[in-house]
Amino acid sequence: MEKPETIRSKILIVDDSEMNRAILANMLEDEYDIVEAENGLEAVSIIQAQGSELSLLLLDIVMPGLDGFGVLAEMSRNHWLEDIPVIMISSESGAEQVERAYGLGATDFITRPFDALIVHKRVVNTILLYAKQKRLVELVADQMYKSEQQSNLMIDILSHIVEFRNGESGLHVRHVHTLTALLLDQLNHKDERYHFSQLDISTISTASALHDIGKIAIPEEILNKPSKLTDEEFEIMKTHTTIGADMLENLPIHRDKPLVKVSYEICRWHHERYDGKGYPDGLTGDEIPISAQVVSLADVYDALTSKRVYKGPYGHQKAVEMILNGECGVFNPMLLECLTELSDAIRERLDREDNSILDSRQNLVGLTEEMLQHEDVTVSKRTLQLLEHERIKHDFFAALTDEIQFEFTMNPLQVTLSPFGAKRMGFPEVIKDPLHDAQTLAMSGPETAYALSDLLRSTSPGQPTITYDCLLNVGGEERWHRIVARATWSTDEPPRYMGAIGKATDIHDTRVRLDDLERQAASDSLTGLLNHTSAKKQIEIRLNERPHGKFALVIFDLDLFKSANDTYGHLFGDELLKHLADKLRKSIRGGDIVARVGGDEFLIFMEYKDPLEPIIRRVYHFLCGPFGDFNISLSMGVAQTDLVGTAYSDLFRAADRALYTIKRGQRGKGAKYVFYDESMRKDEAASAISPIDNGEKNEAEGGETP
């Protein structure tokens with residue numbers, strides 16, 4: 001097999017002496033492709049045509065017409081020196097000539113007569129230096145790109161909070177972020193008073209995610225009221241601006257950082273209006289920081305085009321017309337011009353929001369190159385500054401909420417907790433090998449830890465987010481927590497699972513708790529699990545949403561439950577059922593549904609990938625075991641949608657029929673979990689056996705009727 005041809009660097013030699021060009025070419029042509037120009041004008045023409053292919057310019061100073069200094073000036077004016085290094089050539093080595101060459105941007109200086117070894121070393125070193133600098137740009141850009149992804153994830157988490165409390169689409173925060181960046185970029189080109197660097201735009205756009213953070217303190221009955229607010233309610237609603245600003249002002253760390261300062265401006269003043277009729281401070285015109293003005297316009301546009309509890313969405317054109325006509329308050333005329341000019345681009349940009357990651361990547365490369373042009377910042381210091389900026393953003397977001405935030409990585413195998421999360425749990429911030437760490441397993445239990453790991457691994461790059469409710473022992477107290485996490489996947493083919501980032505929130509926290517009455521209506525009063533009616537509704541919704549999914553319904557009950565009641569009493573029986581319900585919660589994955597059907601009978605509904613039997617076996621053995629002096633054993637029937645279809649009634653009947661075969665001894669001795677199969681279908685058709693009535697069954701076996 002032929003080896004692939006090596007790509008050679010190309011050098012442009014510019015000298016009016018053919019002999020000098022020949023000498024240099026002879027020294028270098030074995031390793032490099034050579035292009036020659038006999039004067040400055042010809043050199044500029046070649047650079048214009050082949051600039052991206054050139055790795056180095058060897059440039060004579062004294063030439064007719066455009067001399068070497070003139071070529072350097074032209075290259076500087078067109079920013080070609082940023083990509084093409086120049087080594088100056090001269091027979092004179094006076095200080096004035098050398099200083100002028102370096103002042104105009106030359107990388108090195110060689111005097112005639114040529115020494116072949118010196119020329120070769122200078123050329124090789126210069127090309128390698130520039131290649132390493134380009135590689136550094138890519139490395140720093142890649143690091144910033146990864147950090148930007150983490151920042152985007154934090155914005156998505158904030159979106160989730162807004163969606164949960166405010167009944168808005170979680171896309172609102174993301175849309176305001178995008179619109180803010182678009183308006184700032186347009187303002188850059190429109191008004192010379194404003195010059196926002198890529199770093200400025202990134203900071204303001206990121207800070208825009210916090211514009212409504214104060215709403216977490218507004219009562220839900222006001223926040224989600226579908227009708228018009230009363231005057232008193234509106235006054236309460238308006239306080240979200242000052243509440244959010246106070247939260248930022250009282251942060252224990254990073255209060256003086258640019259991101260926090262900009263976030264404060266946006267939180268407090270994004271409802272001010274250009275004519276002074278906004279709130280909370282009645283600022284007028286340019287008294288309102290431009291960051292708050294831009295976010296205000298972005299916020300109003302997306303509110304108009306999105307569905308709210310009190311209104312339907314307006315179309316793009318109608319929303320723009322309402323803003324321009326002053327129906328939504330008075331805005332900076334310059335920003336209204338930007339909105340008009342961007343009108344066609346806005347809708348297209350928001351529609352392809354999922355593809356905006358490419359634009360973000362390009363912006364980051366531009367930002368990196370912009371920072372590399374500052375001569376007073378060294379390479380290592382630049383990198384540290386960029387990474388420190390990203391760390392500050394991460395710590396800033398983490399400090400805003402009392403949540404246990406974490407990052408899990410496969411390489412190295414560890415979990416990194418936010419400072420608050422580590423303090424709350426009494427853990428170190430970095431936990432090595434968490435699935436084998438005694439402290440971690442004591443907090444969650446091995447079943448929960450492995451269930452969460454399995455759930456994250458079952459995601460895909462296209463659907464990376466999971467929600468999982470579980471019991472965690474935090475500070476010596478067992479409490480229910482909701483884990484929202486996003487798995488990270490590599491860009492390889494096929495993609496590799498790399499870890500996850502997420503948060504764990506106490507479900508009893510007022511910001512995420514469910515309405516108490518609704519919870520009570522959906523729950524079994526003894527065990528806290530869903531009752532059968534609520535579980536049935538949820539299962540039917542799941543089956544309708546995914547008619548081609550592979551699902552299983554499991555029905556099981558306690559063996560000898562009547563005997564336990566008779567021997568130890570009904571209070572013991574109640575405690576036994578509550579114990580089983582707690583273990584059932586710990587045995588399932590985040591997307592599974594569990595419920596108490598009635599008496600000692602329970603159900604599990606799960607989506608699965610082949611094979612199913614190991615999952616059922618694991619759940620069965622986990623639920624069985626001693627409870628005091630009583631040994632728990634179960635009988636379990638399993639039905640799958642690929643055999644009986646997706647009607648809930650058919651699934652329940654089939655699972656109950658499989659359970660019936662155990663109770664009536666129709667399966668071999670010791671069979672404690674049985675799958676519904678074709679033989680049972682044929683038996684049913686032959687004998688017309690109907691499903692067991694749950695009420696009669698509970699009474700017959702000593703269970704209580706719900």
Side-chain angles (χ1 to χ4, degrees), residues 150-151 153-162 164-165 209-210 213-214 216-217 243-244 246-255 260 391-409 412-453 455-456 465-487 499-514 528 582 585-586 590:
Q150 300 296 335
S151 297
L153 179 57
M154 295 306 299
I155 293 171
D156 289 339
I157 291 173
L158 288 170
S159 302
H160 174 77
I161 295 172
V162 172
F164 203 101
R165 288 220 73 232
L210 301 176
I213 196 68
I216 64 174
I243 290 172
D246 289 344
M247 289 171 61
L248 296 168
E249 190 173 37
N250 294 323
L251 281 175
I253 55 175
H254 304 315
R255 283 178 294 180
V260 181
R391 185 190 66 77
I392 289 170
K393 284 202 294 186
H394 180 273
D395 289 348
F396 165 66
F397 284 125
L400 287 174
T401 56
D402 291 345
E403 297 169 336
I404 301 168
Q405 298 179 5
F406 64 88
E407 179 181 8
F408 169 64
T409 57
L413 187 59
Q414 65 183 38
V415 168
T416 303
L417 296 168
S418 63
F420 171 83
K423 183 178 179 181
R424 170 85 178 274
M425 299 169 70
F427 283 18
E429 290 190 18
V430 177
I431 303 167
K432 304 289 187 182
D433 196 4
L435 292 180
H436 296 92
D437 178 75
Q439 194 176 8
T440 304
L441 296 179
M443 179 268 297
S444 64
E447 297 80 11
T448 296
Y450 281 102
L452 180 60
S453 177
L455 197 61
L456 286 166
T465 305
I466 62 102
T467 300
Y468 180 54
D469 291 348
C470 61
L471 275 172
L472 298 180
N473 190 321
V474 178
E477 182 182 3
E478 265 200 343
R479 291 177 69 86
W480 278 96
H481 285 72
R482 173 161 298 152
I483 296 176
V484 179
R486 180 187 179 103
I501 185 168
K503 64 172 186 172
T505 308
D506 191 327
I507 291 181
H508 298 292
D509 191 293
T510 56
R511 284 170 291 174
V512 295
R513 70 179 180 221
L514 297 173
D582 286 340
R585 291 187 187 96
K586 295 178 182 179

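One-based numbering along the sequence shown. The shown structure was predicted, so the numbers you read here are calculated from the model rather than taken from an experiment.
With sequence neighbours excluded, the residues that form a salt bridge (charged side-chain N to carboxylate O under 4.0 Å, His left out) with E478 are K586. Scored by the side chain to side chain donor-acceptor pair (under 3.5 Å) test, S444 finds no partners at all (sequence neighbours excluded). Shown here are the side chain to side chain donor-acceptor pair (under 3.5 Å) partners of K432, two or more places apart in sequence or in another chain: Q414.
What you find for Y468 and L455 is that their closest heavy atoms are CB-CD2, 4.1 Å. For E429 against A422, the heavy-atom pair with the smallest separation is CG-CB, 3.7 Å. Among all heavy-atom pairs drawn from C470 and I483, the shortest one is SG-CD1, 3.8 Å. The two residues A504 and F406 make their nearest non-hydrogen contact at N-CE2, 4.4 Å. R479 approaches E477 most closely through the heavy-atom pair NH1-OE2, 3.2 Å. When all heavy atoms are compared, the tightest approach of G214 to I243 is O-CG2, 3.9 Å.
The distance from atom CG of N473 to atom CG of L441, rounded to the nearest 0.5 Å, is 12.5 Å. Taking CZ of R486 as the reference point, atom CG of L456 lies at 12.0 Å (rounded to 0.5 Å).
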Practice task
Show the numbers, then the answer: is there a side-chain contact (heavy atoms from CB on, under 4.5 Å) between I431 and L417?
Solution key: CA-CA 8 Å; I431 303 167; L417 296 168; 4.0 Å; yes
Handout entry: Criterion side-chain contact (heavy atoms from CB on, under 4.5 Å) on T416 and T409, from CA distance to verdict
Key = CA-CA 8 Å; T416 303; T409 57; 5.9 Å; no
Exercise for the section: Show your reasoning for whether side-chain contact (heavy atoms from CB on, under 4.5 Å) applies to F408 and L413. Expected result: CA-CA 8 Å; F408 169 64; L413 187 59; 3.8 Å; yes
Problem - Evaluation steps, side-chain contact (heavy atoms from CB on, under 4.5 Å), between L210 and L248 - result: CA-CA 10 Å; L210 301 176; L248 296 168; 4.2 Å; yes
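Two residues are said to be in side-chain contact when any heavy atoms from C-beta on lie closer than 4.5 Å; M247 and I216 meet this criterion. Q439 has its side chain within reach of P428: a pair of non-hydrogen atoms, C-beta onward, lies under 4.5 Å apart. Side-chain contact check for V474 versus R424: some heavy-atom pair is nearer than 4.5 Å.
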